[in-house]
> 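Mind having a look at this structure? Questions to follow.
Chain A is the first sequence line, chain B the second, and so forth, proteins listed ahead of strands; every chain is numbered from 1. Note that the coordinates shown come from a computational prediction; the quantities given were computed from them, not determined experimentally.
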Amino acid sequence: MLAFTLRRAIQAIGVMIAVGVIAFSMFRFAGDPVNQIVSLDTPAAEREAVRKSLGLDDPVPVQFARYFANAAQFKFGVSYQFRQPVSNLLMERMPATLELAACATVLAMVFGILMGVYSALRRDTILTKFFQAVSLIGISLPTFLIGILLIYLFSVTLGWLPSFGRGEVVRIGWWTTGLLTLSGLKALIMPSITLGLFQMTLIMRLVRAEMLEVLRTDYIRFARARGLTTRAIHFGHALKNTLVPVITVAGLQFGSVIAFAIITETVFQWPGMGLLFVQAVQNVDIPIMAAYLLMVSLIFVTINLVVDILYTVVDPRLRSTIRRPA
Amino acid sequence: MSDAVVPHRVESSPQRARPNASWLNRVLDSDIFYSFRRSRMTMVAAAVTVLFFLLAIFASQLAVQNPFDPAQLQLMNSRISPLWTAEGQSPFLLGTDEQGRDVFSAILYGLRISLVVGVLGVIFAGTLGITLGLIAGYVGGAVDGLIMRIADVQLTFPAILIALLVNGVAKSVFNNRLDAVSTLAVLVVAIGLSFWVQYARTVRGSVMVEKNKDYVAAAQLIGLPAPKIMLRHVLPNTMGPILVIATINLALAIITEATLSFLGAGMPDTMPSLGTLIRIGNNYLFAGEWWIVAFPGIALAGLILAINLLGDWLRDALNPKLR
Amino acid sequence: MTVPVLSVRNLEVEFLTRRSTLRAINGVSFDIAKGEVLGVVGESGAGKSVTGLAVIGLIDPPGRISGGEIYLSGTRIDHLPLEEIRRIRGKRIGMIFQDPLTSLNPLYRIGDQIVETIRTHLNLSETAARKRAIDLLAEVGIPAPDKRIDAYPHEFSGGMRQRVVIALAICAEPELIIADEPTTALDVSVQAQIISLIKRLGRDHGTAVMLVTHDMGVIAETSDRVAVMYSGRIAEIGPVQDVVQNPLHPYAKGLMGAIPTLAGEDKRLVQIPGSMPRLSAIPPGCPFNPRCAFVFDRCRVDRPEPLKHGSHAVACHLFDTAPHEAAKETVA
């Protein structure tokens, strides 16, 4: 178990180094950082001074080591657009993104699993057909269209919910939360649905497919031959076996929820990291792009690690193979 | 670990057609065609998909103006609502936007861009993925390890993020001065780089399975070179799954392009795709000019829905286990 | 005359496909008495397993029982509502499947699976059920059952897992055990142990056993009677000694001829030419006629019914002494 965790942790660090190389290459080679700082009519000598002060004339490995050491302390340089440290900008916006992503994930998990299980067990009912239609729409409608549709319905036409922003937020330490005010909660509804719908669809489809697969297995047939109640077979045996792979995917999906938040945040002008990143891409603000990549990767890799470990807790087969490596 | 024992799978015996039946009869008699004909939804989806492609191909014949040509746009025609509303004006069937651009014509041209980017993106992703998958599966060893590790890592990152990054880097490298056609090329590359993994994994998996079969050994024995064996013998066996992936991928590629354009990182306003049109139209939603965003949105959603339906059907039809 | 534990009468099972309806079982009848072991043999696809599944009511759509009757100790069970047949499964009929590796839910301890089954059918407390589970594991020959009860399935070998599966099948003292190829997935050395275990359990508890297998050796060793199936029908049924020593049906003859014996090492094993017809292409008349060395006109038009012949019953026109109308027609 320990060896397994350690091996996974080393892999995770490897991934982070690889991402670091990409982020550094973007930072260093995609465009000239000096050009972004000085104005067009700056004399060459002054440019050279800036270059020196940034350490850009050091050997590349030295620069990389310095970049990485800084990144490890969450120092990502200064944004070209905002002229502010990138880490401050990201930290300021992280709570908004994480709150949105968490709400969307909870929403997606709860409804995705319920709908998936139902549509696997009652294959030909009207409700199943309805769920499948919803899932098809969830996959076919691009996220931003769903957002626009919701805004048109609930903000423009009905005027029930705010179309942009986080509403009032409460500051707890460095964290800001919208969960404690009415306007914050109202502002959270549509973005969460928009962001969660696609994930819900995925989870529903996955749960349905896994459940159907499990229901075809020999041990389910044997459970039926033993005369267990349908309830025990479906919700005791089948559901547990279904949820093992679903946990992995749902866990991994949390990472992509954060990335997909880019779109939702743009539609709803939600002041999170994703919106910052989109503005950075539009304005070619490489330090922010690189830092966002590193931060998101860190979140992904951490989640992957946690999911892997969680997986072994749920599935006894893995536990013992890990205990006694073959 | 003994749990790895795979349940014995009986080789499927496909329905053999009568010896004299022609190729056409065989197609008409096949299980795939049967399931196609049985599902009315699939037939509608196929028809809609074909219609969209035709609309895109004949866009210049069907459109009342060339929306990419600023000379043809007249500001006095701006913000006209659709034809059937009180303020509607001929020939602007679906109304016009703030630049006097006919929404219907813009949709036709935008559809063309979306489909071109989507199809090229899929071809690029497919070629890259299939090649890497074949190499990984056939060569094995360290090469396989490297390719698959890259695939693993990339798979944890959503395609849209990769596409945005590729796009941002390209912009930066070219100093943010890309013309519309180069932007299109960048989009194709960005989409291709974000979607190759699935092809590579599938192809590699099949190669690993097929590689050990007798006919490949026989081909090796008679001295066929490895690339030839792969292309002639192994690849055709993986075409089914690849077709399914490609179809679903086309929908994803179109969504990705539309999303990038919507986020302002894709096609520019001067040569708008469906996503760009939606971004432009979104600004007029609160002013009540819903048609500028609604019709491109409907076109995009309809196109993706139709392709997804086809992909779903194809997947189920080629995988009898799920039926 | 006592009522047989299992009595199957003219059983028919159909599978609906888009092209046609395939009849997997076509008029199968047999009885199994208390404490008796009936071996069912035949090639794959002959309908052995489907017969077993039909008895326990596990034929899933697109398949269905389309005709005939099944009686368990005199009560008809083939048309029972779902909930009632469920109460019979596991309690009055135990089932053992082919592959012990996949028969157990990998995520649950074996003890939990046994206790769950016991408590579904018997009114026992958790502790009592657990004690019974330990006794059962001991009975099927699991060493240190009080410790192994908390192990997961993957911690057992294939043979040990099949023992667990058997413990699960007998945990509510069923009247009938259906064993569907219980040894096929196991090592040869383990097969004999499992077979003798099933035989011993049947004897000790007076349980009737329906043993489905394609292994004639297993049948000869275990069964009291044997039914030879071909293309969804019973070709020949009778006491195991008689059928093995003196098979009547040409197919049974071929099947027995294909068993290697220690005595006749220099003799070539007999093969039956051809293969069993697909369900969609069963020839008219006797389904075995295209492969039969003794085929004559009547076999191609007239379907033989099992008829009593000494201690056997055999479905073959060779042994039908009475003149037949269909035969006359063909002659004329």
> Name the region of A:Ser297, side chain, backbone, both or neither, that has any atom closer than 4.5 Å to a heavy atom of chain B.
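Both parts, backbone and side chain.
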
> At under 4.5 Å between heavy atoms, what parts of residues 260-273 of chain B are in contact with chain A? List them by residue number.
B:Phe262, B:Leu263, B:Gly264, B:Ala265

> Quick check for you: among B:Thr259, B:Leu303, B:Ile160, B:Ile255, which has the greatest number of heavy-atom pairs under 4.5 Å with chain A?
B:Thr259

> Identify, with sequence neighbours excluded, every residue that meets side-chain hydrogen bond (donor to acceptor under 3.5 Å, both in side chains) alongside A:Asp285.
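Counting only residues at least two positions away or on another chain, A:Asp285 forms a side-chain hydrogen bond (donor to acceptor under 3.5 Å, both in side chains) with A:Ser79, A:Gln81.
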
> Against chain A, label B:Leu305 side chain, backbone, both or neither, depending on which of its atoms sit under 4.5 Å from a heavy atom there.
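Both backbone and side chain.
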
> Taking every non-hydrogen pair under 4.5 Å, which of A:Tyr292, A:Phe144, A:Phe277 racks up the most with chain B?
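Looking at each option in turn, the highest pair count goes to A:Phe144.
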
> Is A:Leu145 close to chain B through its backbone or its side chain, or both, or neither, when contacts mean heavy atoms under 4.5 Å?
side chain

> For a 4.5 angstrom cut-off between non-hydrogen side-chain atoms, does B:Asp312 reach A:Leu136?
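Heavy-atom side-chain distance check passes, below 4.5 Å.
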
> To the nearest 0.5 Å, how far apart are CD1 in B:Ile162 and CG in A:Leu293?
9.5 Å

> At a 4.5 Å cut-off on heavy atoms, which part of B:Leu300 comes close to chain A: side chain, backbone, both, or neither?
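For B:Leu300, the side chain is the part near chain A, not the backbone.
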
> Quick one: what part of B:Ala301 sits under 4.5 Å from any heavy atom of chain A, side chain, backbone, both or neither?
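For B:Ala301, backbone and side chain are both near chain A.
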
> By a 4.5 Å heavy-atom criterion (distance strictly below it), what part of A:Val19 contacts chain B: side chain, backbone, both, or neither?
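For A:Val19, the contact with chain B is made by the side chain alone.
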
> Please identify, among A:Ile137, A:Val278, A:Ile148, the residue contributing the most non-hydrogen atom pairs under 4.5 Å to chain B.
A:Ile148

> Within residues 259-267 of chain A, which residues come under 4.5 Å of chain B, heavy atom to heavy atom?
A:Ala259, A:Phe260, A:Ile262, A:Ile263, A:Thr266, A:Val267

> Which residue pairs pass the side-chain hydrogen bond (donor to acceptor under 3.5 Å, both in side chains) test when at least one of the two sits in residues 128-141 of chain A, sequence neighbours left out?
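Sorted pair list: A:Thr125-A:Thr128, A:Ser135-A:Arg205, A:Ser140-B:Asn308.
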
